[in-house]
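Data block below; observations after.
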Amino acid sequence: MIGYILRRLLQSVAVVIVVTIIVFLLLQALPGGAAHAILGPRATPAQIATFNEQNGLNQPLILQYFHDLGNWVTGNFGFSYKLNQSVSSLLWERLPKTLILSGLALLLTVIVAIPIGIIQAVRRNRTFDYIATALSFIFYAAPTFFIGLVLIDWFSQKLPWFPPEAPQSDGIIPIFQDFDAMVLPIVTLALLSIAGFSRYMRSSVLDNVNQDYVRTARAKGASETRILTRHVLRNALIPIITLLGLSLPALFAGALITESIFNFPGMGLLFWNAAQQSDYPIELGVVIITAFATVIGNLIADVSLAAIDPRVQL
């Protein structure tokens, strides 16, 4: 087990290094260089030369990379000249809100998708299975922005049940105090994941129902409910653990669109506004944080899977 964890940890570090190299090379590929992109097209050659000297951009690329890598590891992602604030302070201010949105969406996904997948498997090729499958395909294929706009039109305009805009106040506690405004963003972000999770759960339950241990339990006289809850469900949930880690990139990507639609002041909206204003330091910080979170999520999922299923260690 320890050897498996060490191997996965080394692989995760290698992935992070590759991501940082790609991000560094993309920054070098900016038209006119990073200085021209940050200072704007009206920057004079003297201003660009001063900026490059102050930020070490006149050094060899290998030295620039290790300098940037050291800053990223310590949480220093530069300065936003558009907002006149350090990128780190902006990220640490917005990141908790995005984590709450993504975490609640993931929680809703698990609560809804797992029972749907189980019922589909138990009642396969029946009316509920057909309806759930059709809805899964629709939500899986529909873009996030389309789902969000439809929910706003239905539940904020035609049926004024929920506000069309997410909570705008600073801090985390006000989000829960005005939780009605969080319902539509959470549902929008969760619907895509629910569609995928329910299909995986259905397939996993069907695979386990046909195993020898299920036939043995039936031969011993165990009820279908006991077989499903005590035997099938425990084994069927194993692939879902891996899916939880792999869903993090989709959640962060979906949060970018969802936060933009509902004007939720999280990291996704920060990235959206930075992209429109060509604020490259903020975009860099969001990309690096997202890459770190994705790698950490996958590592936790792999280690959890190895702890639950001993076959993984082999």
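- Among residues two or more places apart in sequence or in another chain, the side chain to side chain donor-acceptor pair (under 3.5 Å) test is passed with Thr98 by Glu259.
- Judged as a salt bridge (charged side-chain N to carboxylate O under 4.0 Å, His left out), and not counting sequence neighbours, the contacts of Asp153 are Lys158.
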Legend entry - Phe292 and Val16: CA distance, side-chain angles, deciding distance, side chain to side chain contact (heavy atoms under 4.5 Å, CB included) verdict: CA-CA 7 Å; Phe292 284 167; Val16 170; 2.9 Å; yes
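- Residues Phe24 and Thr20 are not in side-chain contact: their nearest non-hydrogen atoms beyond the backbone lie 4.5 Å or more apart.
- For Val18, the side chain to side chain contact (heavy atoms under 4.5 Å, CB included) partners are Ile22, not counting sequence neighbours.
- Hydrophobic cluster membership for Leu107: Ile111 (Ile, Leu, Val, Met, Phe, Trp, Tyr linked by side-chain heavy atoms under 4.5 Å, directly or transitively).
- For the side chain to side chain donor-acceptor pair (under 3.5 Å) test, residues two or more places apart in sequence or in another chain that qualify with Arg199 are Thr133.
- Listed by chain and residue number, nothing satisfies the side chain to side chain donor-acceptor pair (under 3.5 Å) test with Ser260 (two or more places apart in sequence, or in another chain).
- Arg124 places a side-chain N or O within 3.5 Å of a backbone atom of Ala121 that can act as its donor or acceptor partner.
- At distances below 3.5 Å, not a single donor-acceptor pair connects side-chain atoms of Ser102 with backbone N or O atoms of Leu99.
- Classification of the Trp161-Phe155 ring pair by plane angle, with boundaries at 30° and 60°, yields tilted.
- Grouped by direct or indirect side-chain proximity (heavy atoms under 4.5 Å, Ile/Leu/Val/Met/Phe/Trp/Tyr only), Ile138 sits alone.
- Pairs passing the salt bridge (Lys or Arg N to Asp or Glu O under 4.0 Å) check and including a residue from residues 10-26, sequence neighbours excluded, do not occur.
- For Ser156, there are no side chain to side chain donor-acceptor pair (under 3.5 Å) partners, not counting sequence neighbours.
- When the side chain to side chain contact (heavy atoms under 4.5 Å, CB included) test is applied to Leu10, no partner is found at least two apart in sequence or on another chain.
- By the 4.5 Å heavy-atom criterion applied to side chains, Phe162 and Leu151 are not counted as neighbours.
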Show every donor-acceptor pair shorter than 3.5 Å between a side-chain atom in residues 263-271 and any protein atom, with sequence neighbours excluded, or say none if there are none.
residue: Asn263; atom: ND2; partner: Glu165; partner atom: OE2; Å: 2.9
residue: Asn263; atom: ND2; partner: Gln168; partner atom: OE1; Å: 3.3

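- Remark: Ala132 engages Ile116, Gln120, Phe128 in a side chain to side chain contact (heavy atoms under 4.5 Å, CB included) (not counting sequence neighbours).
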